[in-house]
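Structure first, commentary second.
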Amino acid sequence: MSRLQPARGTSDLLPAAMAAHRKVIETARDASAHYGFQEMATPIFEFSEVFSRPLGDSSDVVTKETYNFTDRGGETLTLRPENTAGVVRAMISNGLTQSLPLKYFYAGPMFRYERPQKGRMRQFHQIGIEYLGAFEPLADAEIIACGARVLADLGVLDRCVLHVNSLGDAKCRLSYRGALVAFLTQHRADLSEDSKVRLGVNPLRILDSKDLRDREILRGAPRLQDHLNDPSKAHFAAVIEALDAAGIKCQLDPLLVRGLDYYCHTAFEFITDALGAQGTVLGGGRYDGLSEMLGGPAIAGVGWAAGVERLAMLVGVGDLAVPQIAMVAAEPLAKVAAFRVAEDLRSAGLSVDIPVSGNMGKKMKKIDRAGVRFAGIIGGSEIDKGTVQLRDLREGNQEELAQSRLASAIITRLNRG
RNA sequence: GCGGGUGUAGCUCAGUUGGUUAGAGCGCCAGUUUGUGGCACUGGAGGUCGCCGGUUCGAAACCGGUCACUCGCCCCA
């Protein structure tokens with residue numbers, strides 16, 4: 001630690017960055033509410049099994065990316081690397097399997113021990129929705145539509161492409177996996193080093209390899225679609241039909257595979273090319289097996305998560321809170337009067353700042369640069385008369401008003417625009 | 001975890017083949033204006049040249065290591 005800096009892969013959210021984050025989160029919360037999703041939150045850490053059991057041993061998220069620690073009571077805990085497992089755990093813990101279906105929205109920090117890059121942090125923030133207890137294909141379509149609306153409301157949908165694929169149910173996946181492994185084993189010698197490893201651990205991941213030799217080999221590989229059974233095909237077709245009916249454009253992507261083991265059927269990602277290698281901005285899918293993996297009953301689920309940092313980069317800046325008026329004491333003896341009037345204005349619902357440093361000119365300069373619209377100037381003569389000079393910094397005009405009329409005068413002017 | 005690039009003031013960046021007190025713009029502070037912002041002018045503060053070590057008479061510059069950021073791989077949001 002040389003020169004006090006935040007831990008690797010973490011960063012401070014100063015007001016400008018915080019404003020962009022808040023815009024993303026609030027937009028997503030509102031859009032989700034339009035679809036009937038209610039906000040909830042789970043703890044930032046859980047017993048390690050909550051993540052290790054469902055995510056699967058082959059997943060990098062578990063094998064090397066989690067922050068694990070033991071607390072003073074000897075419990076093995078993990079900082080959440082994602083929130084779906086936590087939400088499903090909460091459903092089971094709270095006996096909510098009696099009140100299905102459930103539609104939840106969440107927002108909060110996640111933690112993965114990875115090599116940081118732009119759009120990839122060790123502490124990052126996700127927003128997401130989970131639709132529990134609904135197996136209908138329309139549930140898949142609804143959450144995708146909700147994701148599209150979040151992106152549209154943020155003004156970034158036109159910079160994203162929706163990729164969709166079906167992984168089929170557990171049976172299809174198993175049969176396809178066998179066929180793929182058989183095929184790739186014949187070409188093992190020509191695969192990239194990464195893919196040789198994946199062949200043994202998580203062969204489906206080879207499908208979206210960026211290695212050119214891998215891609216060449218994959219052109220002759222068996223295709224996932226050919227291994228989907230009838231129920232899986234019907235499910236996927238119904239999802240596509242619904243998206244189509246609602247005018248949500250998507251691109252079938254047979255090579256789209258999700259890393260986490262609990263995914264089945266629909267998998268999708270909204271991808272942008274504006275963010276370099278970290279192009280996935282919102283992604284998710286169906287996870288019907290997850291509840292059982294956690295030791296609960298078989299409960300269907302679909303959901304997605306989106307990266308707040310990535311979306312914030314696309315959105316740009318949010319709105320900073322700027323006070324509507326600043327109460328400026330023209331001379332030191334008026335400080336208390338300025339403070340008292342400021343409190344009155346706040347009681348009337350206005351946001352008020354009181355600049356404290358420098359002479360009057362400096363204070364005026366400071367509030368002007370901060371973008372404050374009005375200055376309420378008060379000095380000895382105003383105190384005697386019970387008035388305030390109301391200066392409009394945008395229009396450049398000034399008027400003396402009785403203190404009792406100040407709040408309503410400001411509100412009137414603000415409403416005029 | 002693997003490979004490439006970069007690190008000089010709060011920010012964006014100059015800095016000659018190694019040479020004396022390391023610069024600019026913006027920002028910040030102060031003054032011109034002792035009850036009034038934007039504009040202009042004048043002045044000022046602010047730098048362990050990321051850090052440690054090495055080469056050299058001499059290092060911001062060259063070499064090694066390290067930390068951080070960044071691009072790609074991996075993985076994913």
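The structure presented is a predicted model; accordingly, all values stated were derived computationally and were not measured. Chain identifiers are assigned alphabetically (A, B, ...) following the order of the sequence lines, protein sequences preceding nucleic acid strands; residue numbering begins at 1 within each chain.
- C2(B) atom C1' lies 14 Å from atom CZ of R198(A), rounded to whole Å.
- Among the atoms of the strands shown, none is found under 4.0 Å from any heavy atom of E269(A).
- Annotation: side chain to side chain contact (heavy atoms under 4.5 Å, CB included) contacts of E46(A) (sequence neighbours excluded): T42(A), P43(A), V50(A), F51(A), R89(A).
- Rounded to a whole Å, the CD atom of Q117(A) is 14 Å from the P atom of C2(B).
- The gap from the C1' atom of U17(B) to that of A60(B) amounts to 16 Å, rounded to the nearest Å.
- A salt bridge links R29(A) with E39(A); the closest basic N to acidic carboxylate O contact falls under 4.0 Å.
- Regarding E331(A), its CD atom lies at a distance of 13 Å from the C1' atom of U36(B), rounded to whole Å.
- Rounding to whole angstrom units, CD of residue E114(A) and C1' of C2(B) are separated by 15 Å.
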> Which letters describe nucleotides 37-47 of chain B, given B = protein heavy atom under 4.0 Å from base, S = only from sugar-phosphate, - = neither?
Replying inline: BB---------

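- Mapping R120(A) and T10(A) onto RNA chain B by nearest heavy atom places T10(A) at the nucleotide closer to the 5' end.
- Under 3.5 Å, the side chain of R112(A) and the base of A77(B) form at least one donor-acceptor pair of N or O atoms.
- Within the cation-pi definition used here (under 6.0 Å to the ring centroid, within 45° of the axis), R122(A) qualifies as a partner of Y113(A).
- Proximity of Q389(A) to the phosphate of U36(B): no side-chain N or O atom is located under 4.0 Å from OP1 or OP2.
- C67(B) and C74(B) have their P atoms separated by 25 Å, given to the nearest Å.
- As the counterpart of G35(B), no nucleotide is assigned, since no Watson-Crick or G-U wobble pattern has both distances under 3.5 Å.
- Rounding to whole angstrom units, NZ of residue K118(A) and P of G5(B) are separated by 19 Å.
- Using N1 to N3 plus N6-O4 or O6-N4 for Watson-Crick, or N1-O2 and O6-N3 for G-U wobble, each under 3.5 Å, G23(B) pairs with C13(B).
- For the OP1/OP2 pair of C69(B) and a distance below 4.0 Å, the side-chain nitrogens and oxygens of R8(A) include at least one atom meeting the criterion.
- At a threshold of 4.0 angstrom between heavy atoms, the contacts of G9(A) are confined to the sugar-phosphate backbone, with no base atom among them.
- In this structure, E130(A) atom CD and A77(B) atom C1' are separated by 13 Å, rounded to whole Å.
- Summarising the base pairing, G47(B) is matched to no nucleotide, lacking a Watson-Crick or G-U wobble pair whose two defining distances lie under 3.5 Å.
- When rounded to the nearest whole Å, the span between CG of L212(A) and P of C74(B) equals 11 Å.
- Residue K210(A) places at least one side-chain N or O closer than 4.0 Å to OP1 or OP2 of C73(B).
- Pairs of residues two or more places apart, or lying in two chains, never qualify as salt bridge (charged side-chain N to carboxylate O under 4.0 Å, His left out) while including a residue from residues 356-369 of chain A.
- Take the nearest nucleotide of RNA chain B for N359(A) and for S381(A): the residue whose nucleotide is more 5' is N359(A).
- What separates CZ of F105(A) from P of A77(B) is a distance of 16 Å, to the nearest Å.
- Here the side chain of E309(A) pairs no donor or acceptor atom with the backbone of M121(A) at under 3.5 angstrom.
- The partner of C73(B) is G1(B), by the rule that a Watson-Crick or G-U pair needs both atom distances under 3.5 Å.
- Contact annotation for I127(A): no contact, since no heavy-atom pair falls under 4.0 Å across all strands.
- For H235(A), the ring-ring contact (aromatic ring centres under 6.0 Å, His included) partners two or more places apart in sequence, or in a different chain, are F135(A), H265(A).
- The base of G35(B) sits with one of its N or O atoms less than 3.5 Å from a complementary donor or acceptor on the side chain of E382(A).
- Rounded to whole Å, the separation between the C1' atoms of U70(B) and G27(B) comes to 25 Å.
- Qualifying side chain to side chain contact (heavy atoms under 4.5 Å, CB included) partners for Y104(A), counting only residues two or more places apart in sequence or in other chains: M40(A), V87(A), L96(A), L102(A), L132(A).
- Nucleic acid contact class of G380(A) (heavy atoms, under 4.0 Å, all strands): base.
- Considering only residues two or more places apart in sequence or on other chains, I129(A) meets the side chain to side chain contact (heavy atoms under 4.5 Å, CB included) condition with S32(A), F37(A), F105(A), I143(A), C146(A), W304(A).
- Distance alone, capped at 3.5 Å, is enough to place a donor-acceptor pair between the T272(A) side chain and the A274(A) backbone.
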